[in-house]
Every structure is written in C-alpha cells, then in structure tokens.
2 protein chains.
Amino acid sequence: MEIKQPETCRSGVETSLEIIVGKWKPIILLHLLHGGTKRFGELKRLLPDITQKMLTTQLRELEEQDIITRKVYPEVPPRVEYSVTEYGRGLYGILQQMYEWGLAHLEHMAKKKS
Amino acid sequence: MEIKQPETCRSGVETSLEIIVGKWKPIILLHLLHGGTKRFGELKRLLPDITQKMLTTQLRELEEQDIITRKVYPEVPPRVEYSVTEYGRGLYGILQQMYEWGLAHLEHMAKKKS
DNA sequence: CAGCATCCCTGGAGATACTG
DNA sequence: CAGTATCTCCAGGGATGCTG
C-alpha cells in the first residue's frame with residue numbers, strides 16, 4: 001500500500017470490512033467456497049446455530065454486493081441455490097490472509113500468557 | 001489457503017476480524033502506521049468525531065492484543081504515546097489487501113448501478 | 001493532558017409463529 | 001422448502017461531567 005493518506009485508505013478498508021463483517025458471513029462464505037453451490041436448507045444444516053432469519057438476511061446482503069448469486073428453481077417444493085460469484089472469489093485472498101494471520105495470532109497470545 | 005474444513009478456517013478468520021473490527025480501529029491503525037508514534041491528543045485531533053471514551057477503549061483493546069504499545073511519561077501534565085508494535089505491523093498485509101479490494105469494489109458497484 | 005464514571009440510546013441479532 | 005413478520009433483548013457506542 002504504502003499508506004499515503006490514512007483517510008484515503010480508510011474507505012477502502014471499511015468497504016471490505018462491510019462485506020465480510022456480519023456474525024455469519026465469513027463462515028457462510030467459507031462453506032460456499034469450500035463446498036460449492038448449496039441450497040438454503042443445506043446451509044442451515046451446516047450452521048446449526050443460525051436462525052432462518054439471520055441466514056436469509058446475511059445471504060441477501062452478500063447477494064446485493066455481487067459476492068454470491070441466488071438461483072430460484074420454479075418447483076414445488078421450492079429450491080433455492082446459492083453460490084459464490086466469480087467476482088466474489090476475489091475475496092479469497094483476503095480471507096486466506098485473515099485465516100493465516102488469525103491462527104498465528106492465537107498462538108502468539110497463548111504464548112504470551114504462559 | 002485452499003479451504004479444507006470451513007470450521008477450521010473460521011477461527012482464524014474471526015480472530016483477525018476481532019482485532020480489526022471496531023468502529024475506529026482501522027483508521028487508528030492507519031494513522032499510527034502512516035504517521036508513527038502519536039500522543040493521545042494528536043489522535044483525538046486526527047479523529048474529530050471520536051469521543052474520548054471510544055478512543056481510550058479502542059486503544060486499550062489494540063494494546064491487549066499486542067498490536068500497539070502505550071508508553072506513559074511520568075510528567076505533569078501527563079503524556080502518553082501510542083505506536084504500532086513490530087508484531088502489529090504484521091497486520092499491514094491484510095489492511096493493504098482490504099484497501100485495494102475495497103476501492104475496486106466501490107468502482108465495481110458504481111459501474112453496476114449505471 | 002489523558003483519562004474514568006455514569007447514564008442513555010440504537011440497531012444487530014435471537015426467539016417464535018406464520019405462509020406461498 | 002424457503003422463506004416473512006413480530007416482538008424482544010443486549011451490547012456497542014454516544015453524551016456528559018469529573019479528576020490525578
């Protein structure tokens with residue numbers, strides 16, 4: 001980066017944060033990136049503690065940002081599938097770095113305590 | 001990364017998020033990374049809309065995570081200086097990626113609208 | 001100057017019930 | 001099955017005043 005003007009960088013950083021932050025967004029993204037397309041009910045089962053309402057809103061927000069797509073099949077009973085867009089895969093690098101740094105940080109803090 | 005088990009990656013990602021998330025943490029970090037050591041009052045002036053209470057708590061949380069250091073000079077009137085630790089600079093890569101992706105995303109969404 | 005203590009308010013998130 | 005619609009609650013954050 002080389003931080004020129006903090007205020008300039010700020011908007012970029014906070015835009016990214018807005019996409020990723022949300023109690024369930026990271027884990028939803030990880031599941032979709034890992035397992036590919038998933039139905040609403042599958043995601044619900046993969047995240048036992050999430051409420052339907054929260055799953056819906058988090059998915060809607062990710063969809064609005066073009067990170068995932070929502071495909072509705074006109075069947076009865078209804079079927080809706082979610083998957084990460086090509087564009088959304090651009091978040092992969094960020095998630096990867098956060099994953100790696102985060103694990104290292106957990107170790108760092110564990111060492112510090114002892 | 002290559003996402004093996006989403007649940008494994010989750011803790012790493014969310015650990016990183018916990019450090020960065022907080023209404024003022026990114027901008028505080030950017031200022032300290034850009035401008036080096038700063039006094040409490042300087043930061044307060046750089047962030048006109050932050051309350052003293054919030055500045056204090058955000059700084060304390062970053063300090064607890066070893067991201068910044070707090071140096072108190074035993075003078076009257078008191079002087080307290082904050083700076084990013086060597087360890088804390090490890091967040092630089094993440095902030096950089098978020099900055100770059102975020103700016104691109106703002107453009108992406110602007111284009112989409114038109 | 002660099003805080004802490006207190007009170008207060010809002011919005012993110014949970015629980016529950018209903019529906020095309 | 002894949003959602004809405006309400007009601008509710010709590011914690012993050014804000015406003016203000018006091019102090020070593």
Side-chain angles (χ1 to χ4, degrees), chain A residues 10 13-32 35-65 67-84, chain B residues 10 13-32 35-65 67-84:
Chain A
R10 178 188 198 175
V13 171
E14 298 198 333
T15 299
S16 294
L17 278 177
E18 274 172 36
I19 309 299
I20 301 171
V21 171
K23 192 170 178 186
W24 302 93
K25 282 180 192 170
I27 186 68
I28 289 173
L29 283 174
L30 290 171
H31 272 296
L32 289 179
T37 302
K38 295 236 169 291
R39 296 182 60 166
F40 185 88
E42 289 183 273
L43 285 170
K44 180 86 185 60
R45 250 167 282 127
L46 288 167
L47 310 172
D49 291 343
I50 199 173
T51 61
Q52 281 189 331
K53 177 187 145 192
M54 279 311 295
L55 182 52
T56 302
T57 62
Q58 305 274 297
L59 288 169
R60 288 290 191 289
E61 289 174 21
L62 289 170
E63 190 193 359
E64 264 171 44
Q65 303 294 326
I67 307 303
I68 65 174
T69 54
R70 175 173 183 268
K71 182 160 188 188
V72 183
Y73 293 84
E75 308 172 353
V76 175
R79 178 158 62 108
V80 181
E81 289 183 346
Y82 295 90
S83 49
V84 177
Chain B
R10 177 188 200 176
V13 172
E14 297 198 334
T15 299
S16 294
L17 278 177
E18 275 173 34
I19 308 300
I20 300 171
V21 171
K23 192 170 177 186
W24 303 94
K25 281 179 191 170
I27 186 68
I28 289 173
L29 283 174
L30 289 172
H31 272 296
L32 290 179
T37 301
K38 295 236 170 289
R39 296 183 59 168
F40 185 88
E42 288 182 272
L43 285 170
K44 181 85 183 62
R45 250 168 283 126
L46 287 168
L47 310 172
D49 292 342
I50 199 173
T51 61
Q52 282 189 330
K53 177 186 145 191
M54 279 312 295
L55 183 51
T56 302
T57 62
Q58 305 273 298
L59 287 169
R60 288 292 191 290
E61 288 174 20
L62 290 170
E63 190 194 358
E64 264 171 44
Q65 303 293 326
I67 307 302
I68 65 174
T69 54
R70 174 173 183 269
K71 182 161 187 187
V72 184
Y73 292 84
E75 308 172 355
V76 175
R79 178 157 64 106
V80 180
E81 288 185 348
Y82 294 91
S83 48
V84 178

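Here is how names work: the chains are called A, B, and so on, in the same order as the sequence lines, proteins then strands, and each is numbered from 1.
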* Asked: With respect to A:Ile27, which candidate in A:Leu32, A:Ile50, A:Leu47 satisfies the side-chain contact (heavy atoms from CB on, under 4.5 Å) definition?
  -> A:Leu47
* Considering non-hydrogen atoms only, spot the tightest contact between B:Lys23 and B:Gln58 and give its length. => N-OE1, 3.8 Å
* To do: Scan B:Tyr73 against the nucleic acid and name what it touches under 4.0 Å (heavy atoms): base, sugar-phosphate only, or nothing.
  => nothing
* Interatomic distance, A:Glu75 CD vs D:dG3 P [rounded to whole Å] -> 13 Å
* Asked: Could you give the distance from CG (B:Asp49) to CH2 (B:Trp24), rounded to the nearest 0.5 Å?
  -> 5.0 Å
* Asked: Who passes salt bridge (Lys or Arg N to Asp or Glu O under 4.0 Å) against A:Lys38, sequence neighbours left out?
  -> none
* Structure fact -> Per-nt protein contacts along nucleotides 14-20 of chain C (heavy atom under 4.0 Å; B base, S backbone sugar-phosphate only, - none) come out as BB----B
* **Separation of D:dA2 P from A:Glu42 CD (nearest whole Å)** => 8 Å
* Full working for salt bridge (charged side-chain N to carboxylate O under 4.0 Å, His left out) between B:Glu61 and B:Lys25 -> CA-CA 9 Å; B:Glu61 288 174 20; B:Lys25 281 179 191 170; 2.6 Å; yes
* OP1 or OP2 of C:dC1 less than 4.0 angstrom from a side-chain nitrogen or oxygen of B:Arg39, does that happen here? -> no
* Walk me through it: do B:Glu42 and B:Lys44 pass the test salt bridge (charged side-chain N to carboxylate O under 4.0 Å, His left out)? => CA-CA 5 Å; B:Glu42 288 182 272; B:Lys44 181 85 183 62; over 6 Å; no
* Nucleotide D:dG3, atom P - distance to CZ of A:Arg45 in whole Å -> 13 Å
* Structure fact -> To the nearest angstrom, the CG-C1' distance between B:Leu47 and D:dG14 comes to 15 Å
* Protein-nucleotide distance (B:Leu55, atom CG; D:dT16, atom P), rounded to Å -> 18 Å
* Looking at A:Ile68 and A:Leu59, what are the two nearest heavy atoms and their distance? -> CD1-O, 3.4 Å
* To do: Take the C1' atoms of the five end pairs on each side of the helix from C:dC1-D:dG20 to C:dG20-D:dC1, derive the two axes, and give their angle rounded to 10 degrees.
  => 50°
* To do: May I ask you to evaluate whether B:Arg70 reaches the phosphate of C:dA2, defined as a side-chain N or O under 4.0 Å from OP1 or OP2?
  => no
* To do: Quick one: closest heavy-atom pair of B:Val13 and A:Pro26, and the distance?
  => CG1-CB, 3.9 Å
* **Value in whole Å for how far the P atom of D:dA2 lies from CG of A:Leu43** => 10 Å
* Asked: Please give, in whole Å, the distance from D:dA2 C1' to A:Glu81 CD?
  -> 13 Å
* Protein-nucleotide distance (A:Leu59, atom CG; C:dA13, atom P), rounded to Å -> 14 Å
* Do you know which two heavy atoms are closest between A:Tyr82 and A:Arg60, and how far apart they sit? -> OH-NH1, 3.5 Å
